[in-house]
Structure formats: structure tokens, C-alpha cells
Amino acid sequence: MREGLSRVEVIDELLLFIVAGCETTGTALAWFIYFMSKNPRVQAKIKAELGDNKQNRVSVEQIESLTYLDCVIQELFRFLPPVVGTTRTLTIDDQLPGSGIQLHKGDETFISFYNLARDKRCWKIDPDLFYPERFQGEDKDHHPYASIPFGGHRRCIGQDLARFELKAIIVKLMQHVTFGDGGDQVNAGGYIQKMTVIPKHIGVAITFD
Ligand code: HEM
């Protein structure tokens, strides 16, 4: 019996990491910039949590202590999951609850993260609002499957890295710049749906603090 992975399998895994890891995290960052330009109140709170720390080196402990930023990132992933959903193949016959629609073993199902995260039954505060504070209060104990941007069972292997990368980049950005709304003509939002949900029209004003 062969032991370990072949050279080709190792290269395949590395390529998958790059494909699965780059566009997703880059897209999340682009949406962050867009939402900051549209939500100056949230941006100001992130900066207030950072205090006047403008040091070049920020420790892991400092990054981890930013709990409001955690809520912003959680809200970012809920409001616009970079990956729209995932698929699963049924291993048994089953029925959808409510509608009673019959599903068969072997059927391929699509689970939409976006629809779950916008389902009004799962949230106390209107899910169509971009409101990070929901995770500190009313929606703290939301249904565990209401927001699953990294998948459910057998979820993304890179989720902790992605969250940490994003947090570290956002800290550096928020230490030095403020994003402002570039106006409806250029900062209209919208999206293009490819492998990820990419923002379409982002035009922000950048002020160096
Ligand atoms: C914002 C960033 C990211 C998002 C939103 C994201 C999302 C996802 C989702 C939804 C899945 C499918 C999970 C499922 O079907 O249940 C997945 C799988 C995966 N992700 Fe991520 N991901 C991100 C970043 C990363 C990073 C940084 C890496 C690696 C360094 C990575 C590596 C992978 C791999 C290897 C898989 C498994 C693919 C497979 O099963 O064939 N992801 N990711």
C-alpha cells in the first residue's frame, strides 16, 4: 500500500488552498471597505476600540482583544457571505419540513448561506440591516445554522486563518485611513456572482488620518 500523498496530490492541495483562500478573503475585504464607506458610525466605533494605537507592530494579543471588530466581521460574513452557498449529496431519502417536498438518496442539494442569513425567522433584529451590535445583544444566541459563511459540517479548513488575516489587515487599515462614500454614481454597490460574490461598483474616498 502507498504511504502519504504523491507529489501531484500535494501540488493539487496547495493549488486548492490558493484558489479557495485568496479570492474569498479578498472579496470579504472589498465588502468591508464598501460597508465602512456606507456606515461611518461603525467605522468610528472600530477606530475607537483601537484607541490611538498607531504603532507599526500590533501583537496577536492586541488583535484578539478587539471584540467589537469581531462583531463587525461576523456581520460582514452574515450580511454578504463571500461564498453564496454549498452543495451536499443526500445519503438517505428525506422530506423537506413544512413543504413536505420529497428528496431522494443521491440528490444534489444546494444550501444558500445568503438565504439562511436573511431569514427573518432566525433573527430578532431585522436581518436586512447591517448592524454588528446584534452579536453583542439580541442576536447573540442566534440559531447555529442561521449564519454559516464557512459551511456547516466539514466546513472550510481555512476559516480561522481567514478571520485572523482579515482582522490583521483591517487593524492596519483602520489605524491609518478612513473610508468615505464616493457618492451614488460610483459607490452603488451591487454584485457579480462568480465563485464568490464580488462587489460591482465600489468607489470610496480615502482619507489618511
Ligand atoms: C473569507 C474567506 C473564506 C470563506 C468565506 C471560505 C468559505 C468556504 C466554504 C463555504 C467552503 C465549503 C464548505 C462546505 O461545503 O461546507 C470552503 C471550503 C474550503 N476552504 Fe474556505 N473560505 C475562506 C477562506 C479560506 C482559506 C484562507 C483557505 C486556505 C488557506 C481555505 C481553504 C478551503 C479548503 C481547502 C476548502 C475545502 C474544499 C473542498 O472540500 O474541496 N478557505 N471555504
Side-chain angles (χ1 to χ4, degrees), residues 4-39 42 46 60 63-64 66-92 94 96 103 105-119 122 127 130 132 134-135 139 142-174 179 189-200 202:
L5 298 174
S6 72
R7 192 181 162 82
V8 171
E9 284 166 339
V10 171
I11 292 171
D12 277 356
E13 290 299 322
L14 289 175
L15 284 177
L16 177 63
F17 271 31
I18 294 169
V19 172
C22 288
E23 192 176 308
T24 45
T25 316
T27 303
L29 192 59
W31 281 117
F32 170 80
I33 293 171
Y34 174 74
F35 284 118
M36 290 310 100
S37 77
K38 294 286 182 190
N39 296 274
V42 174
I46 297 174
V60 172
I63 291 176
E64 279 175 353
L66 302 168
T67 52
Y68 181 67
L69 183 52
D70 282 330
C71 294
V72 175
I73 292 174
Q74 219 179 328
E75 182 67 336
L76 188 74
F77 283 139
R78 182 198 69 81
F79 199 82
L80 252 159
V83 178
V84 76
T86 190
T87 57
R88 290 292 185 268
T89 308
L90 266 68
T91 55
I92 51 167
D94 206 347
L96 283 184
L103 301 170
K105 182 178 172 179
D107 283 352
E108 188 90 354
T109 57
F110 178 75
I111 302 153
S112 165
F113 302 155
Y114 181 91
N115 288 358
L116 281 172
R118 296 297 184 102
D119 189 329
C122 301
F130 182 83
R134 73 174 70 245
F135 293 112
D139 282 324
H142 62 82
H143 191 285
Y145 283 100
S147 180
I148 49 166
F150 292 95
H153 187 53
R154 290 172 194 262
R155 72 193 64 164
C156 172
I157 197 171
Q159 65 166 328
D160 290 339
L161 173 65
R163 283 205 181 88
F164 188 77
E165 266 182 290
L166 267 179
K167 230 179 150 182
I169 297 169
I170 289 172
V171 166
K172 295 312 291 178
L173 285 173
M174 290 291 97
F179 297 111
Y191 60 84
I192 305 162
Q193 193 176 318
K194 294 196 173 166
M195 192 184 90
T196 55
V197 183
I198 304 168
K200 199 172 176 187
I202 299 192

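Counting starts at 1 for both ligands and their atoms, in listed order. Numbering of residues begins at 1 and proceeds along the displayed sequence. Predicted model only: the values in this text are computed from it and were never measured.
Counting heavy atoms of neighbouring residues, nucleotides and ligands inside a 6.0 Å radius, atom NZ of Lys172 exceeds 12 of them. Counting heavy-atom neighbours within 6.0 Å of Tyr191 OH, excluding the residue itself, gives a total of 12 or less.
Here's the thing with Arg88: one of its N/O atoms is less than 3.5 angstrom from an N/O atom of ligand 1. Looking at Thr86 next to ligand 1, an N or O pair under 3.5 Å apart turns up.
Using a 4.0 Å threshold on non-hydrogen atoms, atom 14 (C) of ligand 1 counts as touching the protein. Inside a 4.0 Å radius of atom 27 (C) of ligand 1 there is at least one protein heavy atom.
Side-chain atoms of Phe35 and Glu75, non-hydrogen and from C-beta on, never get closer than 4.5 Å to each other. Ile148 places none of its side-chain heavy atoms less than 4.5 Å from the side chain of Thr86. By the 4.5 Å heavy-atom criterion applied to side chains, Met195 and Val19 are counted as neighbours. Residues Glu108 and Arg88 fail the side-chain proximity criterion, which asks for heavy atoms closer than 4.5 Å.
Taking the six-membered ring for Trp and the full ring otherwise, Phe77 and Phe150 have centroids separated by under 6.0 Å.
For ligand 1, the atoms closer than 4.0 angstrom to any heavy atom of Gly152 are 16 (O). Atoms of ligand 1 found under 4.0 Å from any heavy atom of Leu161 (numbered from 1 in listed order, with element): 30 (C). Atoms of ligand 1 lying under 4.0 Å from any heavy atom of Phe77, numbered from 1 in the order shown and given with element: 1 (C). Within the listing of ligand 1, atoms 29 (C), 35 (C) sit less than 4.0 angstrom from a heavy atom of Phe17. Atoms of ligand 1 lying under 4.0 Å from at least one heavy atom of Pro149, given by number and element, are 5 (C), 7 (C), 10 (C). Contact atoms of ligand 1 toward Arg154: 14 (C), 16 (O) (distance under 4.0 Å to a heavy atom of the residue). Each of the following atoms of ligand 1 lies closer than 4.0 Å to a heavy atom of Phe113: 10 (C).
Ranked by closest heavy atom to atom 41 (O) of ligand 1, the top entry among Leu16, Val19, Leu166 is Leu16.
Near atom 21 (Fe) of ligand 1, less than 2.8 Å away, sit the protein N, O or S atoms Cys156 SG.
Residue pairs meeting the side-chain hydrogen bond (donor to acceptor under 3.5 Å, both in side chains) criterion with at least one member in residues 15-32, sequence neighbours excluded: Glu23-Thr196, Thr27-Thr196.
Because its NZ or CZ atom is both nearer than 6.0 Å to the ring centre of Phe79 and within 45° of the ring axis, Arg118 counts as a cation-pi partner of that residue.
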Table please: side-chain donor-acceptor pairs of residues 151-168 below 3.5 Å, with sequence neighbours left out.
unit_1 : atom_1 : unit_2 : atom_2 : d
Arg155 : NE     : Gly152 : O      : 3.0
Gln159 : OE1    : Arg163 : NH1    : 3.0
Lys167 : NZ     : Ile63  : O      : 2.8
Lys167 : NZ     : Leu66  : O      : 3.3
Lys167 : NZ     : Asp70  : OD1    : 2.8
Lys167 : NZ     : Asp70  : OD2    : 3.4

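Taking all atoms of both residues into account, the shortest heavy-atom contact from Gly4 to Glu9 is O-OE1, 4.4 Å.
With sequence neighbours left out, Thr87 forms a side chain to side chain donor-acceptor pair (under 3.5 Å) with no residue at all.
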